[in-house]
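Data first, discussion second: the structure below is written as structure tokens.
Values below: every heavy atom of this structure, side chains too, minus hydrogens, waters and symmetry copies. Chain identifiers are assigned alphabetically (A, B, ...) following the order of the sequence lines, protein sequences preceding nucleic acid strands; residue numbering begins at 1 within each chain.
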There are 2 protein chains.
Amino acid sequence: MARRVSIKDVAQRAGVSWKTVSNVVNERPVVRADTREKVLAAIDELGYVPNHIGRDLRGGPTRSIALVVPELQNPYFARLAERMQAAARERGYTVSVEVSLHSAEVERAHVRGRTARPVDAVVISPSALEPSDLLDRRSGPPVVLLGESLTAAPNVVHVAIDNVSSAADVVRHLVGTGHRRLLFLGAEGAVRSTGTDRLAGFTAASRFAELPLEDALIRATGAWDRESGREEVLRALEEGIAFDAVVAGNDLLAIGALAALRERGLRVPDDVAVVGWDDMVEAAWTVPTLTSVAPDLDALVAAALAAAISGAERGTEQDAERDAGQAAAGADDSGKRGASRTGGAETVIAHRLIVRESTRA
Amino acid sequence: MARRVSIKDVAQRAGVSWKTVSNVVNERPVVRADTREKVLAAIDELGYVPNHIGRDLRGGPTRSIALVVPELQNPYFARLAERMQAAARERGYTVSVEVSLHSAEVERAHVRGRTARPVDAVVISPSALEPSDLLDRRSGPPVVLLGESLTAAPNVVHVAIDNVSSAADVVRHLVGTGHRRLLFLGAEGAVRSTGTDRLAGFTAASRFAELPLEDALIRATGAWDRESGREEVLRALEEGIAFDAVVAGNDLLAIGALAALRERGLRVPDDVAVVGWDDMVEAAWTVPTLTSVAPDLDALVAAALAAAISGAERGTEQDAERDAGQAAAGADDSGKRGASRTGGAETVIAHRLIVRESTRA
DNA sequence: CTGAAAGCGCTTACAG
DNA sequence: CTGAAAGCGCTTACAG
């Protein structure tokens with residue numbers, strides 16, 4: 001349909017130069033009140049919205065952040081995305097939700113800034129990313145990792161609950177309600193991840209409580225979804241492994257466990273207790289309802305956003321410094337930059353165990 | 001961190017003019033093979049990704065589509081978004097997922113193209129949008145409405161399952177399994193919507209089957225989520241309304257109904273059968289599992305995307321035509337434009353009723 | 001307080 | 001086949 005209305009249309013309508021319109025839009029205090037009114041009126045009549053593309057191209061901050069999640073099928077990520085977008089909107093930022101579908105390539109591209117549209121920062125819940133992807137990068141936007149510290153790398157910070165202690169909390173709760181043979185669902189490979197940290201906490205606490213820790217009680221799953229959880233619990237049952245509780249790496253796996261136990265006629269929590277992580281909304285609606293480790297989601301979103309924005313603003317400053325430096329004399333400012341980029345900051349988010357029917361004594 | 005690598009860096013590295021790089025990137029067949037190789041090598045070494053912002057600003061297609069959904073908390077929308085983004089990626093388009101949180105203002109802004117970054121088309125699952133929002137607009141991107149035809153408007157098409165007949169299918173299934181007092185959950189207001197169409201089909205089929213249709217059996221809910229479904233069923237029960245089946249406007253409401261019935265000691269499906277719409281993944285995991293109307297999601301995504309892309313391409317052509325016309329003589333090309341913009345196209349997506357435990361005889 | 005200039009990265013005609 | 005020019009919408013110095 002008709003052409004988009006540009007700053008020049010507004011200028012013409014208001015009878016001023018189009019640079020003046022820019023001054024009004026950007027709330028620069030140099031415009032006389034009546035000129036300002038005229039311009040505002042014209043903006044309103046024409047329904048003008050500044051085209052951010054012009055600004056973006058101009059350089060400087062785009063005020064946009066990419067949120068990269070492995071999938072949106074997992075309601076935890078869906079909720080996270082929804083909250084992050086709403087919270088960012090309030091702060092004048094735009095969040096573009098990118099679904100990686102567990103593709104290392106997609107994750108890498110974002111982390112390295114190899115995307116068609118530049119952003120000021122990327123918040124990523126990594127799934128296939130490897131430490132080297134973060135260490136190798138010679139450039140790229142500030143990165144906020146949701147979850148474990150894959151590795152310490154410059155310009156990368158982490159926001160996560162304390163997965164090791166939350167796992168210990170889970171074990172304590174289970175031991176306190178009389179369970180001893182705990183099956184861990186969702187063991188993962190070598191790269192440090194949410195799963196490896198939860199397992200580490202599980203193992204440490206189990207050892208401390210002198211619980212059995214046979215290999216057969218530590219189970220990997222194909223994926224972290226309902227069906228994988230169900231299949232792995234069925235498999236354990238078929239193998240004749242005895243256990244009186246399932247500690248699942250997330251709620252989806254736990255829901256699958258619930259289904260497997262029901263299929264085999266085992267009662268939850270009487271025969272087997274079940275716990276998960278994430279406190280998805282669904283956890284309050286399963287039969288029986290599901291005990292789960294709940295991250296303080298508001299805090300998580302706020303911290304991730306704050307880190308992204310501060311990274312974005314720092315990034316912009318640095319660019320300014322660097323440009324200034326280059327313009328001045330091509331000076332080597334590596335010292336200065338190194339200082340402001342010390343990475344490895346980790347924000348720990350509070351969590352609590354929401355006890356529901358799947359683990360009552 | 002370091003400046004983004006631009007087309008000029010590549011040109012310098014390859015020892016050609018930067019316009020030649022553009023020719024290579026855009027696969028224009030005017031570049032000699034060895035020049036081309038050199039450029040490709042430089043692109044690879046530098047990790048150059050064309051900055052789409054430059055293209056966007058240049059005008060013409062951005063190859064990006066906005067998908068506006070009311071919420072991501074509803075797993076149906078989350079899955080839709082995930083699929084749409086993946087499908088679009090395959091076709092060289094970008095999908096930006098925008099959560100409106102049921103805000104009429106946000107929905108309106110997108111439909112009118114009053115957004116900070118222009119897109120080629122918008123696919124929207126409207127929640128608060130009114131017919132006038134579509135009729136009034138004098139400009140804006142091609143719109144694909146997911147769901148009912150709010151109204152016939154130029155440059156707006158619809159993609160949806162046949163909600164009226166799917167509701168009739170639900171009633172037929174219920175009558176066939178011996179149910180007569182059906183409670184409808186999720187009645188909505190005056191504006192035509194998914195809910196009103198499902199209710200219309202429900203009402204028509206009920207009348208045809210000579211089922212009771214008292215006002216008390218048609219229930220509105222606060223929202224279309226689990227808790228609203230639960231509350232409304234509890235309310236109906238408290239009012240002493242007798243019913244032997246619940247027809248819920250979506251699966252979330254149905255899951256709430258399941259919980260309410262369980263709380264009151266009613267057995268599903270023996271005492272009360274329950275059906276929903278959407279066939280969310282969760283429907284296969286509830287207790288009992290939930291009978292649901294499943295849209296052919298692949299077809300829905302494909303149709304919505306095809307409609308958006310064809311709208312986008314048509315839009316671009318028109319712009320070209322218009323510009324040409326203006327350049328030539330400021331000719332009035334309204335006739336031409338009117339013809340290519342005839343709106344009101346509706347694509348009907350196949351659906352089927354997935355029968356699960358919540359309605360077995 | 002307002003106006004004219006330069007430039008962000010790219011593409012689209014056009015000239016050589 | 002390759003190069004130089006203009007312009008998309010905007011902001012950021014700078015001049016009047």
Side-chain angles (χ1 to χ4, degrees), chain A residues 3-12 14-39 43 46 48-64 113-118 120 316 319-320 322-324 326-327, chain B residues 3-12 14-39 43 46 48-64 113-118 120 316 319-320 322-324 326-327:
Chain A
R3 212 184 81 261
R4 191 181 165 102
V5 3
S6 91
I7 200 171
K8 286 171 190 160
D9 302 317
V10 177
Q12 191 174 10
V16 300
S17 132
W18 61 280
K19 296 89 193 176
T20 304
V21 178
S22 170
N23 285 332
V24 172
V25 168
N26 291 285
E27 295 176 337
R28 267 186 283 272
V30 291
V31 187
R32 219 169 40 201
D34 58 337
T35 310
R36 186 192 167 67
E37 287 311 318
K38 263 194 312 193
V39 171
I43 286 176
L46 263 29
Y48 168 69
V49 176
N51 186 342
H52 216 298
I53 290 194
R55 276 139 121 132
D56 293 348
L57 187 53
R58 187 61 193 70
T62 63
R63 293 186 82 82
S64 74
R114 303 246 194 290
T115 51
R117 294 182 178 84
D120 291 352
T316 310
D319 287 349
R322 188 207 55 225
D323 294 347
Q326 285 182 340
Chain B
R3 212 185 79 262
R4 191 183 166 101
V5 3
S6 89
I7 199 170
K8 286 169 188 160
D9 301 318
V10 176
Q12 191 175 12
V16 301
S17 132
W18 59 281
K19 296 90 195 177
T20 304
V21 178
S22 169
N23 285 332
V24 171
V25 168
N26 292 284
E27 295 176 335
R28 267 186 283 272
V30 292
V31 187
R32 219 167 43 201
D34 58 336
T35 311
R36 185 193 168 67
E37 287 312 317
K38 264 193 313 191
V39 172
I43 285 175
L46 263 28
Y48 168 69
V49 177
N51 186 341
H52 215 299
I53 289 193
R55 276 139 120 131
D56 293 348
L57 187 53
R58 186 63 192 69
T62 61
R63 292 185 82 81
S64 74
R114 304 247 193 289
T115 51
R117 293 182 178 84
D120 291 352
T316 310
D319 287 349
R322 189 206 53 226
D323 293 348
Q326 285 181 340

Can you find a heavy atom in the side chain of [X] that is under 4.5 Å from one in the side chain of [Y]?
X       : Y       : result
A:Val16 : A:Val21 : yes
B:Val39 : B:Asn23 : no
A:Asn51 : A:Ser6  : no

What nucleotide among D:dG9, C:dT2, C:dG3 has an atom nearest to a side-chain atom of B:Leu57?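 Nearest to the side chain of B:Leu57 among the choices is D:dG9.
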
Can you tell which of D:dC10, C:dG3, D:dG9 lies closest to the side chain of A:Pro50?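 Nucleotide nearest to A:Pro50's side chain: D:dC10.
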
Out of curiosity, [X] [atom1] to [Y] [atom2], how far, rounded to the nearest 0.5 Å?
X       : Y        : atom1 : atom2 : value
B:Arg4  : A:Arg114 : CZ    : CZ    : 9.0 Å
A:Ile53 : B:Ile53  : CD1   : CD1   : 6.5 Å
A:Ser17 : A:Gln12  : OG    : CD    : 12.5 Å

Under-4.0 Å salt bridge between A:Arg117 and A:Asp56: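 Looking at A:Arg117 and A:Asp56, the cut-off is not met.
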
Picking from A:Val31, A:Val10, A:Ile7, what satisfies side chain to side chain contact (heavy atoms under 4.5 Å, CB included) with A:Val24?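 Output: one option passes, namely A:Val31.
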
Would you kindly give the [atom1]-to-[atom2] distance between [X] and [N], to the nearest whole Å?
X       : N      : atom1 : atom2 : value
A:Trp18 : C:dG3  : CH2   : C1'   : 11 Å
B:Asn51 : D:dC10 : CG    : P     : 17 Å
A:Ile53 : C:dG7  : CD1   : P     : 22 Å
A:His52 : D:dC10 : NE2   : P     : 11 Å
A:Asp56 : C:dG7  : CG    : C1'   : 15 Å
B:Arg4  : C:dG7  : CZ    : P     : 21 Å
A:Arg63 : D:dC10 : CZ    : P     : 17 Å
B:Ile7  : D:dT2  : CD1   : C1'   : 14 Å

Give a yes/no answer on whether the side chain of [X] brings an N or O atom under 4.0 Å of OP1 or OP2 in [N].
X       : N      : value
B:Thr35 : D:dC1  : no
A:Thr20 : C:dG3  : yes
B:Arg55 : C:dT11 : yes
B:Tyr48 : C:dG9  : no

Pairs under 3.5 Å (N/O, protein and nucleotides 12-16 of chain D):
from, atom 1, to, atom 2, distance (Å)
D:dT12, OP2, A:Arg28, NH1, 3.2
D:dT12, O4', A:Arg58, NH2, 3.2

Under the side chain to side chain contact (heavy atoms under 4.5 Å, CB included) rule, what do A:Arg55 and A:Asn26 come out as? Steps first, then yes or no, please. CA-CA 11 Å; A:Arg55 276 139 121 132; A:Asn26 291 285; 3.8 Å; yes

Take A:Val25 and A:Lys8, find for each the nucleotide of DNA chain D with the closest heavy atom, and name the residue whose nucleotide sits nearer the 5' end.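 It is A:Lys8, whose closest nucleotide lies nearer the 5' terminus.
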
DNA chain D in dot-bracket, Watson-Crick or G-U pairs under 3.5 Å, [ ] crossing, | other strand? |||.||||||||.|||

Apply the test side chain to side chain contact (heavy atoms under 4.5 Å, CB included) to residues B:Thr115 and A:His52: give CA-CA distance (whole Å), side-chain angles for both, the deciding distance (0.1 Å), then the verdict. CA-CA 9 Å; B:Thr115 51; A:His52 216 298; over 6 Å; no

